[in-house]
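FYI, the numbering just counts along the sequence from 1. Every number for a ligand or one of its atoms is a count from 1 in the order of the listing.
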Amino acid sequence: MRYATLAERKEFYTKEFKIGSLANWFGDKMDRTKFALIMGKHTNIFLDKYKKDISTTIIIDQYNGLTDIRKQIIDFLPEAVYYDRNRYDETGQKIGQELAFDLDPENINCPIHGTLEDKIKRGQGLSFCKIELEMVRKKTNKLYKYLEGTFSAMRIVYSGRGFHLHVLDECSYGLNTKQRLKLAREVKHAGFPIDEWVTSGEHRLIRLPYSLNGLVSRIVLPLEKREIERFNAIYDHRCIPKFLDKSSFNGRSV
Ligand SMILES: [Zn+2]
């Protein structure tokens, strides 16, 4: 896992980005969805013409379908693409929010690397190891089962680092901040290392399924519930972009 270059981002979004699958992901829920890009905040890899905006969150709310979204992504070549979980009405007022849970490997207490605090002390706050990845996969599976009693339309997405659990039940869009916070704390107390700000709604951006996570060169991949049991982010070809598949055979990337 490594940073993707600009040429690789371009190759991915030109040839591999599955906007058909993305359209299926949104179904009839894409109305007025906003998208967001970050050019080079973590990787420091960016197009010169956007130098001033490397860390800016660029919001895309003017577009003509997903083909146009792809075109705009190819123009910016960002390290990360997100969508806004908020729902808006025609006047731009927020009318609800998709509920989500974010489980990241760096929040796992690793038997080798310790707690997140230990990792930050060593300057490894954003890195993670195979053990943490495996532990976070199991936690995600457990969280799915834990929430099954409450929600019925859940989707798991591999984010390139950890996992996101999206709740698509209609009733969950109307939860207020207090209810979301209560749910987040309940889930934390049950032993799950989730990002409270994502669940409470404070962080409303979430990685766009099928986009490229340019920090690790992995494709953000929705998974069936049964797939999470055996999913392996290191070897699963569906989340490995072609430029990396190639380089693994040739020994180096072009
Ligand atoms: Zn570790």
I want to know whether F26 and Y83 have ring centres closer than 6.0 Å.
yes
Taking the side chain as every heavy atom from C-beta outward, state whether K18 and I219 have any pair of such atoms under 4.5 Å apart.
no
Under 2.8 Å from the Zn ion (ligand 1), how many protein N/O/S atoms do you get? Just the number, please.
4
Can you list, pair by pair, the side-chain donor-acceptor contacts under 3.5 Å of residues 139-148, counting residues two or more places apart and other chains?
residue: K139; atom: NZ; partner: G191; partner atom: O; Å: 2.8
residue: T140; atom: OG1; partner: V136; partner atom: O; Å: 2.7
residue: E148; atom: OE2; partner: K225; partner atom: NZ; Å: 3.4

Compute both the distance and the angle, then confirm whether K34 meets the cation-pi test with Y88: under 6.0 Å from the six-membered ring centre, within 45 degrees of the axis.
yes
Would you say the rings of Y63 and F35 are close, in the sense that their centroids are separated by under 6.0 Å?
yes
Is the centre of the Y13 ring less than 6.0 Å from the centre of the F17 ring?
yes
